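Let me begin by presenting the structure, written as structure tokens, before commenting on it.
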Amino acid sequence: MNILAIESSCDETAVAIVRDGRNVLTDCIASQVDLHRIYGGVVPEIASRMHIEAIYSLADQALEKARLSREGIDAVAVTYAPGLIGAVLVGVNFGKAAALAMEKPLIPVHHIRGHIAANYIAYPELKPPFLCLVVSGGHTMIVNVQDYTKMKILGTTLDDAAGECFDKVGRVLGMPYPGGAALDKASATGDDTKYSLPRSKPGENPYDMSFSGLKTATLNLIHHAEQIGEALDINSLCASFCGAVSDALVPRIRMAMEETGYRKLAVAGGVAANSRIRRDILTTAEELGAEVYLPPLSLCGDNAAMIGAQAYYEYLAGNVADMGLNAFATKSILGESI
Ligand code: KG4
Ligand code: ZN
């Protein structure tokens, strides 16, 4: 089954064609990052406009690269939530129009379910059940992936997402948007014990996380150093920060594996590209004798191939939409409105 998949929830317009959930025939991305960088973050109105400008030719390009005509497409899939509402709407409307014109089924896909499914592309042998650490720009959670479309959230951030925190600290350090990758790079030669940053234990649920205290403490440290004219060791601050984020994530993942008995762990989302987090996850998995699935860097960030992968399983589960499909800025990964 060839699925034409569309992703437009943030600042990447993407169209892919994926066969049977695992085989990527083509994956086209038009990134807007350079444009938003001027403003230090995503400008929603510009994002929507850029999606409109890019999406038609990107879809043509995807068909051309896959050497398929419209008749070769069996269904259309689209990210319908969560994301910047104007941006998601562009993809949803294009998806509806394409499905209607081609007389094919329309499959709505939750963006975060898509991030998890990026692992199905990278690892053809991976099948649920498994645990997944989702760490993106807008979401941070530990998910029990019981089946392709059946999930349970074990814990989630109670405030900021890990990626948001990376971007804010990166911005204050004068790094280009989005700050995560630059901060990661700078941390490579730093001493992660040089700056002491807080580790929080929020709420009653031991799997829940919090990043706003860490973000505030790091920003305060930077501003205080500026005020007293102290030169910071930026690389060591970045290394200490990456260590603190990893400490909020990895011990909780260990606890989840120990308590559930699961020995399969996947990681998903843009922050899954972080080298410290990847390293700590690999060490923990090795200690527990667990199999670990880390998506290649190309599949960590937003793309449409992951949407096409998840769409196949949504279709098999009967999750097909009609022309009344709407876009949502927020929606739980479990499917119900929040
Ligand atoms: O999953 P994603 O592409 O978009 C959302 O769905 O939110 O994640 C983007 C986030 C940004 O916050 C970016 O700074 C972060 O992923 N990121 C990283 C790295 N590469 C991207 N954070 C830490 N280390 C990295 N190497
Ligand atoms: Zn994403």
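What you are looking at is a predicted structure, and each value in this text was computed from that prediction instead of being measured. Order of appearance sets the numbers: ligands from 1, and atoms from 1 within every ligand.
Among Val169, Asp167, Leu183, the one residue that satisfies the side-chain contact (heavy atoms from CB on, under 4.5 Å) test with Met175 is Leu183. Checked options Ile3, Thr26, Asp27, Val24; the residue passing with Ile17 is Thr26 (criterion: side-chain contact (heavy atoms from CB on, under 4.5 Å)).
Rounded to the nearest 0.5 Å, atoms CD1 (Ile277) and CG (Asp247) are 10.5 Å apart.
With no hydrogens or angles considered, no side-chain donor-acceptor pair links Glu314 and Thr149 at under 3.5 Å. Defined by atom type and a distance below 3.5 Å, a donor-acceptor pair is missing between the side-chain atoms of Asp160 and Ser212. Asp233 and Tyr195 are not linked by any side-chain donor-acceptor pair at a separation below 3.5 angstrom, with hydrogens and angles left out of the test.
The Zn ion (ligand 2) has His111 NE2, His115 NE2, Asp302 OD1 as protein N, O or S atoms under 2.8 Å away.
Protein residues having a heavy atom under 4.0 Å from any atom of ligand 1 are His111, His115, Ser136, Gly137, Gly138, Gly163, Phe166, Asp167, Pro178, Gly180, Ala181, Asp184, Gly269, Gly270, Val271, Ala273, Asn274, Gly301, Asp302, listed by chain and number.
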Under 3.5 Å donor-acceptor pairs involving side-chain atoms of residues 114-124, not counting sequence neighbours:
unit_1: His115; atom_1: ND1; unit_2: Cys300; atom_2: O; d: 3.4
unit_1: His115; atom_1: NE2; unit_2: His111; atom_2: NE2; d: 3.0
unit_1: His115; atom_1: NE2; unit_2: Asp302; atom_2: OD1; d: 3.0
unit_1: Asn119; atom_1: ND2; unit_2: Ile116; atom_2: O; d: 3.2
unit_1: Asn119; atom_1: ND2; unit_2: Val267; atom_2: O; d: 3.0
unit_1: Tyr123; atom_1: OH; unit_2: Leu294; atom_2: N; d: 3.2
unit_1: Tyr123; atom_1: OH; unit_2: Leu294; atom_2: O; d: 2.5

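Listed by chain and residue number, Arg276 satisfy the salt bridge (charged side-chain N to carboxylate O under 4.0 Å, His left out) test with Asp280 (two or more places apart in sequence, or in another chain).
Between Leu106 and Lys96, the shortest heavy-atom distance links the atoms CD2-CG, 3.6 Å.
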